[in-house]
Amino acid sequence: MFSGGSLERFSIFAIGIMPYISASIIVQLASEIIPSLKALKKEGEVGRKAITKYTRLSAVILATLQGFVAATFVYQQGVVVISKFEFYFLALICLVTGTMFLMWLGEQITERGIGNGISLIITAGIAAGIPSGVIHLWDMAVTDKLLAALFIILSALILVYIVVYFEAALRKIPVHYAKRQQYSVVSQGSHLPFKLNMAGVIPPIFASSIILFPSTLISWIGGEYGWLQKLAVWLQHGNIIYILLFSASIIFFCYFYTALVFSPKEMAENLKKSGAFIPGIRPGSQTSRYLEGVVLRLTLWGALYITVICLIPEFFTSIFNVSFALGGTSLLILVVVTMDFNTQISSYGMVRQYEHLMKRVNSKQIH
């Protein structure tokens, strides 16, 4: 439920990296709301280290809580042959340590590798489930369901194309400089790029967590209450109540997260300080209102795009009765992280070529 199949094997990575992701998102949101954390965020390297420390402590707490729930689930199955205290003690140590190791590994990849380490670990976990999905499609093809299997494959490819197209979409706002630079090329080609999907994959992750949390609690305590059982049925995948709540949550978090990470007032002030202006728009408050309007319109279309991408696999799962999860959130993460990794590789290659060229120029000057 929480880690895409790892809980079935109950490995030391059963709860995965999700506690750290949830902690980082919570701390990031808190740093925009709580004044003390917001001030700490502006203190440069010292503030960044302090926020990282809070994120790690929060990840330990969340991993402990989630590990306790996972251990309770296993203990209730009647398969534990040791004492209750010993089992809980060992299970919590193993599960929390597994999450902390993944957190450390992701940070090492980010510092010494290419791309975001946590995102690459999540992508690897999602990609690990692709072979089982391919096997299931093959079983559908050989059991007189060839057209359904081909339709699913074609639809998946179309969804990947749509995600790539929308993730690469930009709204370019032209910017002119009041002060002429030494070279006019700077002022001619300057623009502000705004992505259509500024919130990334955070909204569907938040929406899934919010809907999953009450349904998980109901599954634990709802055995004696009939109305809780009905609520649990309403929150199951494919139910109309689940689809409506999921869609509303995605749209809400798209606006909420975009408002947290983007400040039109701050951007307008930075443009004014640098002597830049948007043609036809006065610097200052008018620029701030213009940028806010642009971001609100982009967020609307971005929220609708993410909602559609996340709901289409839900309909496929119910219509074709497939047993493997065609998660829209997983598809978004897989495609977005792959595109980002490809961009990082291209940038790294250009930097290497530039360094090699500069070495050749310097060697010629020395000779």
Side-chain angles (χ1 to χ4, degrees), residues 2-4 6-7 11-71 88-126 198-210 212-213 216 253 256-263 266-267 270 329 333 336-337 340-341 344:
F2 292 100
S3 52
S6 297
L7 200 59
S11 64
I12 61 174
F13 299 142
I15 58 178
I17 196 67
M18 283 306 296
Y20 177 73
I21 297 173
S22 302
S24 61
I25 293 173
I26 292 172
V27 173
Q28 186 177 5
L29 294 177
S31 63
E32 297 292 337
I33 299 174
I34 302 175
S36 58
L37 289 178
K38 192 170 185 178
L40 192 64
K41 189 177 180 181
K42 298 179 179 179
E43 293 182 2
E45 186 67 20
V46 177
R48 188 185 67 83
K49 289 183 178 179
I51 291 178
T52 301
K53 178 182 177 181
Y54 294 148
T55 304
R56 291 171 179 172
L57 292 175
S58 302
V60 173
I61 296 173
L62 291 177
T64 302
L65 293 175
Q66 196 165 321
F68 181 80
V69 173
Y88 273 93
F89 181 74
L90 294 175
L92 286 177
I93 287 179
C94 291
L95 294 176
V96 174
T97 303
T99 298
M100 293 302 102
F101 173 77
L102 290 177
M103 179 186 72
W104 173 83
L105 183 62
E107 292 178 351
Q108 296 303 309
I109 295 174
T110 302
E111 292 179 4
R112 296 175 171 81
I114 298 176
N116 186 280
I118 303 298
S119 299
L120 292 175
I121 290 176
I122 297 174
T123 305
I126 296 172
M198 299 183 67
V201 297
I202 299 299
I205 292 177
F206 260 40
S208 301
S209 301
I210 283 181
L212 179 63
F213 183 71
T216 304
F253 281 115
F256 183 73
Y257 190 76
T258 302
L260 288 178
V261 299
F262 176 76
S263 174
E266 184 178 349
M267 177 167 285
N270 292 334
T329 306
I333 294 174
V336 171
V337 173
D340 181 65
F341 185 74
Q344 297 262 2

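Small disclaimer: the values here were computed from a predicted structure and weren't measured. Just so you know, these numbers use all the heavy atoms, side chains as well, and skip hydrogens, waters and symmetry mates.
Taking both residues in full, the closest heavy atoms of Leu40 and Ala50 are given as CD2-CB, 3.5 Å, listed atom of the first, atom of the second, then distance. Shown here for Thr110 and Ile118, the closest heavy-atom pair between the two residues is OG1-N, 4.4 Å. The nearest pair of heavy atoms linking Val27 to Ser58 is CG2-OG, 4.0 Å. Minimum heavy-atom separation, Leu62 to Ser22: CD1-CB, 3.9 Å.
Around atom CD of Gln344, more than 12 heavy atoms belonging to other residues, nucleotides or ligands sit under 6.0 Å away.
At a threshold of 4.5 Å between non-hydrogen side-chain atoms, the residues Pro19 and Gln66 count as touching. Between Asn270 and Glu266 the shortest side-chain heavy-atom distance falls below 4.5 Å. A 4.5 Å side-chain heavy-atom check between Val337 and Ile122 finds every atom pair outside the cut-off. Using a 4.5 Å heavy-atom threshold, the side chains of Ile15 and Val69 count as separate. Using a 4.5 Å heavy-atom threshold, the side chains of Leu37 and Tyr54 count as touching.
Rounded to the nearest 0.5 Å, atoms OG (Ser24) and CD1 (Ile51) are 12.0 Å apart. The OG atom of Ser119 sits 8.0 Å away from atom CD1 of Ile333, with the distance rounded to the nearest 0.5 Å. Interatomic distance, CD1 of Ile21 versus CD1 of Ile26, reported as 12.0 Å (0.5 Å rounding).
Phe262 is linked by a ring pair (Phe, Tyr, Trp, His ring centres under 6.0 Å) to Phe194, counting only residues two or more places apart in sequence or in another chain.
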Distance-only criterion, 3.5 Å: show the donor-acceptor pairs between side-chain atoms of residues 88-107 and protein atoms not counting sequence neighbours.
| unit_1 | atom_1 | unit_2 | atom_2 | d |
| --- | --- | --- | --- | --- |
| Tyr88 | OH | Thr72 | OG1 | 3.0 |
| Thr97 | OG1 | Ile93 | O | 2.5 |
| Thr99 | OG1 | Gly16 | O | 3.0 |
| Thr99 | OG1 | Leu95 | O | 3.3 |
| Glu107 | OE1 | Arg56 | NH2 | 2.8 |
| Glu107 | OE2 | Arg56 | NE | 3.2 |
| Glu107 | OE2 | Arg56 | NH2 | 3.4 |

